[in-house]
Number of protein chains: 2
Amino acid sequence: MIIEIDFNSDEALYLQLRNQIILGIATSRFREGDGLPSVRQLAEDIGINMHTVNKAYTVLKQEGFVRVDRRKGAVIAIDRERADTLEELKKELRIILAKGSCRNISKQEVYALIDEIYEDYGGVN
Amino acid sequence: MIIEIDFNSDEALYLQLRNQIILGIATSRFREGDGLPSVRQLAEDIGINMHTVNKAYTVLKQEGFVRVDRRKGAVIAIDRERADTLEELKKELRIILAKGSCRNISKQEVYALIDEIYEDYGGVN
DNA sequence: GGATTGTTATAATATTTCTATAACATGATG
DNA sequence: CATCATGTTATAGAAATATTATAACAATCC
């Protein structure tokens, strides 16, 4: 389990955890059906509280990235048919691209970034 | 001043404020040299505390979007030569694109979003 | 001089985040 | 059946962050 937590970051631990796992799914380090470590196990590995991990898993469940069943724990299960995905993505892009645009980041530079990032996502999409 | 604050959002008020202003700059509703409302004025308009607005302005100053001088208040002044802009942008893109990628958003769909967004940014970049 | 500006200080409250224990029902394992 | 590990839930507290409330200050504009 390669999960990096930055205790000096201003980002909440449970969000860092969530993000790492989503990144892990996108980069195929986690695949549909894979089981995540138990909340207690992962908490111990990282050195944080069980509930913090649980919160991350709960968010991932609500966002449709994992299914959690008794005994098996959290299992990667991606809900690929989300209605608001595109609109949500656009909303998030709008603000972070605004920052770039103010600093003269061109559309082509953004394209290049997208390409680099999607390469890590392996697929040919 | 067209600033929309969502009091039901889970996003901090001062961050919503910051984002709206950055968006305003990107979409040319605010231009280099324009003055922002005084902290007291804007606070009253929105119905929040002066310090919350002040915090937003302080963040904008630190991020290089405004200059603040005595008496004039906050003035749009964009530092376009930021070293870490691209790397920072990539880091932010990585996670939100991961979310999209997991839900089968193709690179072409992302391109299309970028195009739509950059159109609002007016320029030909 | 008076009004308005950002700035600073101090404090109180509310919310969020993280931790700490503990108990529970469930299901796998032996 | 007994044991053990699982997520879940409850409760509580600590710590950090966000928001509000007053108040005062120096600078600057009119």
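Chain naming here is simple, since letters A, B, ... match the order of the sequence lines and numbering starts at 1 in each. In this text, all values refer to a predicted model and were calculated from it rather than measured experimentally.
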May I ask you to verify whether the side chain of B:R40 and the base of D:dT22 hold a donor-acceptor pair under 3.5 Å? no
Let's test your reading of the model: under 3.5 Å, does the base of C:dT21 pair with the side chain of A:H51 as donor and acceptor? yes
Whole angstrom value for the distance that separates [atom2] of [N] from [atom1] of [X]:
| X | N | atom1 | atom2 | result |
| --- | --- | --- | --- | --- |
| B:N54 | D:dA21 | CG | P | 16 Å |
| B:N49 | D:dA23 | CG | P | 13 Å |
| B:Q16 | D:dT17 | CD | P | 19 Å |
| B:M50 | D:dA23 | CE | P | 12 Å |
| A:Q62 | D:dG7 | CD | P | 16 Å |
| B:E11 | C:dT15 | CD | C1' | 16 Å |
| B:L17 | D:dT19 | CG | C1' | 13 Å |
| A:R18 | C:dT17 | CZ | C1' | 15 Å |

SB check A:E88 B:K99 (cutoff 4.0 Å): yes
Hey, does B:E92 have a side-chain heavy atom less than 4.5 Å from the side chain of B:I96? no
Under 4.0 Å between a side-chain N or O of [X] and OP1 or OP2 of [N]?
| X | N | value |
| --- | --- | --- |
| B:K55 | C:dT8 | no |
| A:S38 | D:dA5 | no |
| A:T52 | C:dT17 | no |
| A:Y14 | C:dC18 | no |

To the nearest 0.5 Å, tell me how far B:L42 CG sits from B:Y57 OH. 4.5 Å
Given D:dT6, C:dT7, D:dT8, the nucleotide with the shortest approach to the side chain of A:K61: D:dT8
Sugar-phosphate, base or nothing in reach of B:D10, heavy atoms under 4.0 Å: nothing
Is atom CD of B:E81 surrounded by more than 12 heavy atoms (other residues, nucleotides or ligands) closer than 6.0 Å? no
Counting heavy atoms not belonging to A:E4, are there more than 12 under 6.0 Å from its CD? no
Assert: residue with more 5' nearest nucleotide on DNA chain D, out of A:V68 and B:A12, is A:V68
Closest-nucleotide ordering on DNA chain C, the 5'-leading residue of B:A74 and A:I48: B:A74
